[in-house]
Structures are given as structure tokens and as C-alpha cells.
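As the structure is a computational prediction, the values presented were derived from the model and not from experiment. Start at 1 and go down the list; that is how both ligands and their atoms are numbered. Side-chain atoms are counted along with the backbone in the values below, which use heavy atoms only and exclude waters and symmetry mates.
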Amino acid sequence: MRSTTQRYRAIGVALGALLTSAAFAPGYAQTAAPAPAPAATLSPEAMDAAGKVYFQRCAGCHGVLRKGATGKSLEPANTAKLGQDRLEKIIAFGTDGGMVNFDDILTKDEIKQVATYIQMPPQTPPEWGMKDMMASWKNIVPVDKRPTKQMNKFNLKNVFSVTLRDAGEVALIDGDTKEILSRVKTGYAVHISRLSASGRYVYVIGRDGLLSLIDLWMEKPQVVAEMKSGLDARSVDTSKFKGFEDKYAIAGSYWPPQYVIMEGDTLKPLKVVSTRGVTVDGEYHPEPRVASIVSSMIKPEWVVNIKETGQILLVDYSDIKNLKTTTIESAKFLHDGGWDASKRYFLVAANASNKIAVVDTKEGKLAALVDTKKIPHPGRGANFVHPKFGPVWATGHLGADVVTLIGTDPAKNPQHAWKVVEELKTHGAGNLFVKTHPKSKNLWADAPQNPEKDIAESVAVYDLGDLTKKPEIINIAKLAGLPESKAIKRAVHPEYDESGTEVWISLWAGKTEPSAIVVLDDKTRKLKKVITDPKMITPTGKFNVHNTQHDIY
Ligand code: DHE
């Protein structure tokens with residue numbers, strides 16, 4: 001059998017392109033040339049282009065091997081039945097089942113090519129193992145050359161690491177002055193930022209798997225280490241348990257389906273673990289992708305959620321040479337989630353099953369599977385004390401116009417624990433993120449995936465003291481006063497400042513249009529500041545250092 005390395009050599013130039021390319025996608029088309037189905041063919045150039053679009057826009061929901069996850073299976077047996085015309089219409093206009101429209105993002109030619117591409121046999125991209133990771137690893141500023149104390153005067157706790165999605169950068173913004181402190185080059189279509197236990201290091205993962213480590217103690221915070229942890233990735237976290245602060249980092253990949261454990265302060269890869277295996281239905285799956293990862297503070301453990309298998313892994317990092325993992329059966333297809341207020345229970349969306357899985361990390365067991373409305377999408381969710389039901393955790397939904405509240409206190413409110421206690425009507429489906437703060441009396445919910453411009457540009461704000469009141473709907477785009485345009489400026493990802501008195505919301509416009517971050521006073525819900533900059537390209541996620549470090553939501 002050929003080794004992975006031999007296989008790389010065989011694909012020669014293609015892999016070279018893959019390794020150096022800002023976007024991984026072109027590598028797909030070049031890595032194999034399967035015999036196309038007679039009805040669907042593309043020239044090598046069109047195949048390359050379609051493969052790139054598929055990777056960038058479709059693989060997240062449908063999978064690299066097109067077996068389906070949040071989105072349907074796009075294997076030829078299914079797509080060929082629909083045919084070219086129908087597929088083009090679905091891609092252009094979306095479906096009632098929750099698929100969004102792409103006619104405002106892709107050209108007609110791109111839509112045509114992708115419709116053909118998905119009728120052809122899927123291609124298997126190469127593996128990415130320890131040797132590749134080591135070769136990609138750059139210890140740019142070694143630990144002994146780094147400062148031993150904070151060298152700048154920034155109030156680091158209130159710095160925000162902001163994803164500039166289409167620029168492949170994060171902007172570090174001073175939460176006090178609202179000034180952009182620096183913009184840092186990171187991976188392609190950068191996804192999330194997470195903080196080390198100490199709050200000193202920011203870990204930023206790009207969709208291309210490039211992991212960047214930013215040292216906030218430098219006079220001008222900069223990337224001090226980099227490592228390509230996979231070819232397609234979404235998640236990263238660090239070791240936060242006492243005695244392990246800043247010691248390890250973990251990054252999860254969509255492709256290859258695996259996670260890697262690294263040194264926390266250098267990103268040197270230490271151990272790669274495959275997540276290929278058997279689903280909760282007992283079937284083998286070749287592409288079980290790593291979705292959310294969260295770090296426990298009560299044990300030396302990460303909660304690693306495997307999308308396609310529906311298995312939740314509790315990975316004990318106290319002895320990584322003899323790695324112990326507890327595998328908890330839940331439901332497919334796991335996506336994002338967050339802690340309850342006590343940080344004992346982790347609640348994660350099994351989004352295509354319309355369920356929230358609750359893991360008791362103290363006992364290492366599934367506490368419950370809670371049925372919800374269609375496609376729960378919590379982000380990290382939101383915790384607050386409900387006047388009637390006690391402590392609850394909230395999630396929004398992509399496929400329903402409600403925010404679901406789930407009771408989270410089995411000790412003092414057992415009758416409500418792990419039950420849907422209330423559903424709050426929102427301004428529309430297409431919600432991605434909800435947020436509150438222990439010091440706030442408000443709950444904020446966005447709806448950026450709603451096809452209606454007015455809804456996607458607005459957020460709903462609930463008064464936690466009186467949830468019988470209708471939410472206030474605030475059109476963030478109008479409030480910001482950016483130039484009018486036909487394109488939607490999606491209001492996305494509410495995030496609090498350190499003190500819990502301000503809410504920051506991104507206005508995510510097209511790559512060539514002005515975007516902004518809109519800061520509101522949480523108490524009065526009035527505009528405080530619109531942060532704009534020509535380089536503020538497609539801001540989406542915002543990660544306040546203090547809140548992210550301590551999982552405050
Ligand atoms: Fe995300 C979190 C996957 C599209 C913004 N996103 C996550 C997590 C996963 C994930 C698995 C949890 C990480 C963790 O906690 O460890 N996201 C995916 C996808 O597969 C999907 C649907 C399609 C894709 O191809 O990537 C997708 N995500 C998006 C976007 O289009 C968003 C809105 C804009 C963007 O920047 O790309 C987006 N995702 C976010 C944000 C978080 C996130 C802001 C972190 C939320 C938080 O508060 O912690």
C-alpha cells in the first residue's frame with residue numbers, strides 16, 4: 001500500500017499548490033481525475049473553479065465527501081436524480097428546508113459549474129499528518145525571545161479579537177477607545193478566536209486549518225507561532241484546568257477528520273488523533289468532522305464534539321502519551337454549543353436532529369437529549385436566571401423564529417432541568433447567535449441568515465426582567481447610517497464588552513462594501529459608536545478577551 005507521503009509525491013504539483021495556496025480548494029480538483037459520469041462533465045479548469053467554490057461555500061454544510069450533515073447528501077445518486085436545471089435553481093434560490101440562496105454571492109456560471117460538479121463523483125482530498133504539520137510549523141518568536149511582562153499599555157481584558165472573514169485577518173480592537181490596535185494576517189476565511197487560560201495568547205483558526213498564535217504582551221501584539229493543523233478546520237481551544245494553564249492547545253479539523261494536540265505556547269504538534277469511526281447508528285463514517293471544542297475548568301479535559309458520528313469525546317489531557325477518552329453517545333450532527341452557568345454541563349446542538357445534547361462533564365455522561373424546534377444554533381448560548389423557571393440556557397434556531405430556553409439546574413429546580421421551559425418569539429428564523437452577560441438584564445438575538453433584508457439587518461432584544469414583553473427590534477444597519485445598498489448588511493454575533501455594559505454587533509456586508517461594528521449601550525439600547533475603517537472587511541465574530549477567556553455568556 002502506498003504511504004501518505006508517496007501519495008503526495010504522486011500528486012506532485014497539485015500538493016505543492018495545495019500547501020502554498022491561500023485557499024485549499026484548488027488542490028481538490030487537482031488531486032484526482034475520476035472518470036466523470038457521462039451526463040456531467042467539466043473541463044479541468046472548470047473543475048478546479050467549481051471545486052474551489054464547493055469547498056468555500058458548500059462543504060461546511062454538506063461535507064467534503066458530500067455525504068451530508070447540516071445540509072443534504074450531495075452524492076451523485078441523489079443529485080443526478082434532480083438534474084442540472086433543478087440543482088441550479090436550488091443553488092440560486094435556496095430551499096424551504098433551510099438552504100440559503102447563493103444568487104447574490106455566485107455568478108450564473110459558477111452556479112452552473114457547481115451544479116454539474118456535484119453530479120460527478122466526489123474526490124477525496126489528501127491526508128494531513130504529523131510530518132506535514134511539522135513542516136508547516138513556524139515558531140516565529142521563540143518563547144525565550146518573548147516579553148516576560150506586558151509591554152504595552154492596553155487594557156487587555158477589554159480587547160476584542162474581530163474576525164475579518166474575507167480579508168483572512170483579525171483586527172484587535174481596544175474596547176475602551178474603540179481604536180483598531182492592529183490587524184493581524186491569519187488563515188483563509190478565519191473562523192474563531194479563543195483565549196489561553198492566562199488571557200495572554202489569542203488562538204485564531206482559519207478555514208484552511210492555519211492556526212495563528214498572537215501574543216498580546218508584545219508592544220504591538222503579533223503572531224508568534226503558526227501551524228497548519230489540517231486542510232479544513234473550524235475549532236480551537238486551550239488547556240484551562242489548574243496546573244495546565246497555557247500548556248496545551250487543541251485544534252479540530254473538518255478535513256482530515258481529526259484533532260491535533262499542540263504545545264500551547266509554540267503550537268508544536270504533539271499528537272494527532274483521527275475521529276473516523278462509527279456513528280450513533282452503528283454505521284462507519286469516513287468523514288466525522290470535529291465541530292466545537294470547549295475546555296473544562298473542573299477537569300483536565302476538552303469536550304470535543306464530532307459532527308457526523310454524534311459522539312461527544314471527553315479528552316483527558318493529563319497524560320497525552322496515554323490518552324484517555326470517554327466517548328458519549330448523543331445525536332447527529334453535532335455543531336456548536338456552550339456551558340451552563342455552573343460550567344459543569346455542556347450543551348451542544350445536534351442541529352440536523354433538532355436536539356440539544358447535554359453532557360454532565362463531572363460524571364462524564366450524557367445528562368439529556370432535549371428536543372427543540374428546527375436547527376438549533378446556539379453559538380455559545382446564553383445563561384440567565386428566569387423569573388419563573390430559575391437558571392436557563394438559551395439557543396436560537398436557523399430554521400425557526402424562536403429562542404428556546406432550557407432549564408439547567410437539576411439540583412434546585414429539578415422539575416425544569418433539561419426541559420424546554422419557554423420559547424420566545426423572535427423577529428424571524430435565520431438566527432445564529434444569542435448573547436447576554438451576568439451583569440445585563442437583556443438578551444440579544446440576531447437573524448443574519450434570514451432572506452428578508454430588514455430582518456437580517458435587525459436584532460431582537462428581550463427584557464430578562466419581564467419576558468412577557470415583546471422584544472424590541474432594532475435595525476442595526478439603519479442605526480449605523482452606512483450608505484444604502486441593495487446587498488444585505490447582516491447584523492451578526494452580539495458580543496459584550498468586559499464590563500457587560502456594551503453590546504458589539506457586526507454589520508457584515510459584501511467584500512467590497514462598507515461594513516462596520518456597531519456598539520450599543522446595553523441598558524439604554526442606544527447607539528454608542530459605529531466603528532468603521534476601509535480595512536474593516538467583512539467583520540463577523542468578535543471575541544472579547546475577558547469573556548472568551550472565562551466563558552462568560
Ligand atoms: Fe461558524 C463557531 C462551523 C459558518 C461564524 N462555527 C463555529 C463552530 C463551528 C462552526 C463548528 C464552533 C467552534 C467552537 O466553538 O469550537 N460555521 C461552521 C460551519 O461549518 C459553517 C456552517 C459553514 C462553513 O463553511 O464554515 C459556519 N460561521 C459560519 C459563518 O458563515 C459565520 C456566520 C461567519 C464567519 O465568520 O464565517 C460563522 N462560527 C462563527 C462564529 C463562531 C462560530 C462567530 C463562534 C461563536 C462564539 O461566540 O463562540
Side-chain angles (χ1 to χ4, degrees), residues 24-25 53-64 69-71 98-100 105 160-170 186-195 203-209 232-238 249-255 259 289-295 302-308 333-339 346-349 351-352 375 377-382 395-396 398 430-436 444 446-449 456 490-496 504-506 508 515 537-544 547-549 551-553:
F24 154 62
V53 173
Y54 181 82
F55 168 73
Q56 290 177 347
R57 304 285 176 189
C58 321
C61 290
H62 298 278
V64 168
T70 314
M99 158 127 174
V100 293
I105 297 174
F160 288 69
S161 178
V162 177
T163 297
L164 302 180
R165 189 188 189 283
D166 294 351
E169 292 179 352
V170 295
T186 56
Y188 162 78
V190 45
H191 206 88
I192 62 165
S193 299
R194 296 289 186 227
L195 264 294
Y203 298 79
V204 183
I205 188 109
R207 278 183 171 76
D208 57 357
D232 185 6
R234 299 293 181 282
S235 49
V236 60
D237 213 335
T238 66
I250 176 171
S253 295
Y254 270 15
W255 191 270
Y259 61 85
R289 298 176 287 172
V290 178
S292 43
I293 302 180
V294 73
S295 187
W302 291 299
V303 185
V304 179
N305 299 281
I306 312 301
K307 191 185 282 290
E308 277 75 8
F333 291 82
L334 297 172
H335 193 70
D336 53 351
W339 294 109
F346 185 71
L347 295 97
V348 55
N351 62 13
I375 321 179
H377 191 288
R380 291 255 138 150
T395 178
L398 265 163
N431 165 274
L432 287 180
F433 303 105
V434 290
K435 200 61 71 88
T436 186
W444 298 72
D446 63 15
Q449 298 302 94
R490 298 172 201 279
V492 67
H493 198 245
E495 170 78 337
Y496 277 83
W504 291 36
I505 296 168
S506 302
W508 172 20
S515 286
I537 297 163
T538 57
T540 53
K542 300 161 298 303
F543 303 87
N544 173 271
N547 295 339
T548 311
Q549 180 189 355
D551 284 278
I552 297 170
Y553 35 78

Exercise. Give the minimum heavy-atom separation between V162 and P539, together with the two atoms involved.
Key: CG1-CB, 4.0 Å
Quiz item: With a 4.5 Å limit on heavy-atom distance, are the side chains of V434 and P378 in contact?
Solution: no
Quiz item: Quick one: do the N305 and S292 side chains pair a donor with an acceptor below 3.5 Å?
Solution: yes
Quiz item: Is R165 close to ligand 1, meaning an N/O of one under 3.5 Å from an N/O of the other?
Solution: yes
Quiz item: Nearest to atom 4 (C) of ligand 1, what protein heavy atom do you find, and at what distance?
Solution: R207 NH2, 3.4 Å
Quiz prompt | Name of the residue among F543, W444, Y496, F160 meeting ring pair (Phe, Tyr, Trp, His ring centres under 6.0 Å) with W504 | solution = F160
Quiz item: Is there side-chain contact between V294 and D237, with heavy atoms separated by less than 4.5 Å?
Solution: yes
Quiz item: Is any heavy atom of the protein nearer than 4.0 Å to atom 21 (C) of ligand 1?
Solution: no
Quiz item: What atoms in ligand 1 come closer than 4.0 Å to a heavy atom of R194?
Solution: 14 (C), 15 (O), 49 (O)
Exercise. May I ask you to list the atoms of ligand 1 that are less than 4.0 angstrom from any heavy atom of L432?
Key: 33 (C)
Quiz item: Looking only at non-hydrogen atoms, which of L164, I293, I192 approaches atom 45 (C) of ligand 1 most closely?
Solution: I192
Exercise. Decide whether the shortest distance between a heavy atom of E495 and an atom of ligand 1 is less than 4.0 Å.
Key: no
Quiz item: Think R289 forms a cation-pi with Y254, using NZ or CZ under 6.0 Å from the six-ring centre and within 45 degrees of its axis?
Solution: yes
Quiz item: Which pair of non-hydrogen atoms, one from I293 and one from A251, has the smallest distance, and what is that distance?
Solution: CD1-C, 4.1 Å
Exercise. Do me a favour and list the nearest non-hydrogen protein atom to atom 5 (C) of ligand 1 with residue, atom name and distance?
Key: F433 CZ, 3.9 Å
Practice problem: Verify the distance criterion only: is there a donor paired with an acceptor across the side chains of H493 and D446 at less than 3.5 Å? | Solution: no
Exercise. May I ask whether R57 has any heavy atom positioned less than 4.0 angstrom from an atom of ligand 1?
Key: no
Quiz item: Taking just the N, O or S atoms of H191, which one is nearest to atom 1 (Fe) of ligand 1?
Solution: NE2
Practice problem: Find the distance between CG (L195) and OG1 (T238) and round it off to the nearest 0.5 Å. | Solution: 8.0 Å
Self-check item: Contact atoms of ligand 1, heavy-atom distance to A291 under 4.0 Å
Solution: 11 (C)
Self-check item: Atom of F433, atom of P494 and distance for their closest heavy-atom approach
Solution: CB-CD, 4.0 Å
Quiz item: Do ligand 1 and H335 have nitrogen or oxygen atoms that lie under 3.5 Å from each other?
Solution: no
Quiz prompt | Polar atom proximity, T540 to ligand 1 (N or O, under 3.5 Å) | solution = yes
Exercise. Could you tell me whether some N/O pair between G379 and ligand 1 is separated by less than 3.5 angstrom?
Key: no
Quiz item: Do I192 and T163 come close enough that some side-chain heavy atom pair is under 4.5 Å?
Solution: no
Self-check item: Identity and separation of the nearest protein heavy atom to atom 23 (C) of ligand 1
Solution: G60 CA, 3.9 Å
Quiz item: Just heavy atoms, cut-off under 4.0 Å: does W508 contact ligand 1 by side chain, backbone, both, or neither?
Solution: side chain
Practice problem: Look only at interatomic distance and state if Y254 has a nitrogen or oxygen under 3.5 Å from any nitrogen or oxygen of ligand 1. | Solution: yes
Quiz item: Any N or O of R234 that comes nearer than 3.5 Å to an N or O of ligand 1?
Solution: yes
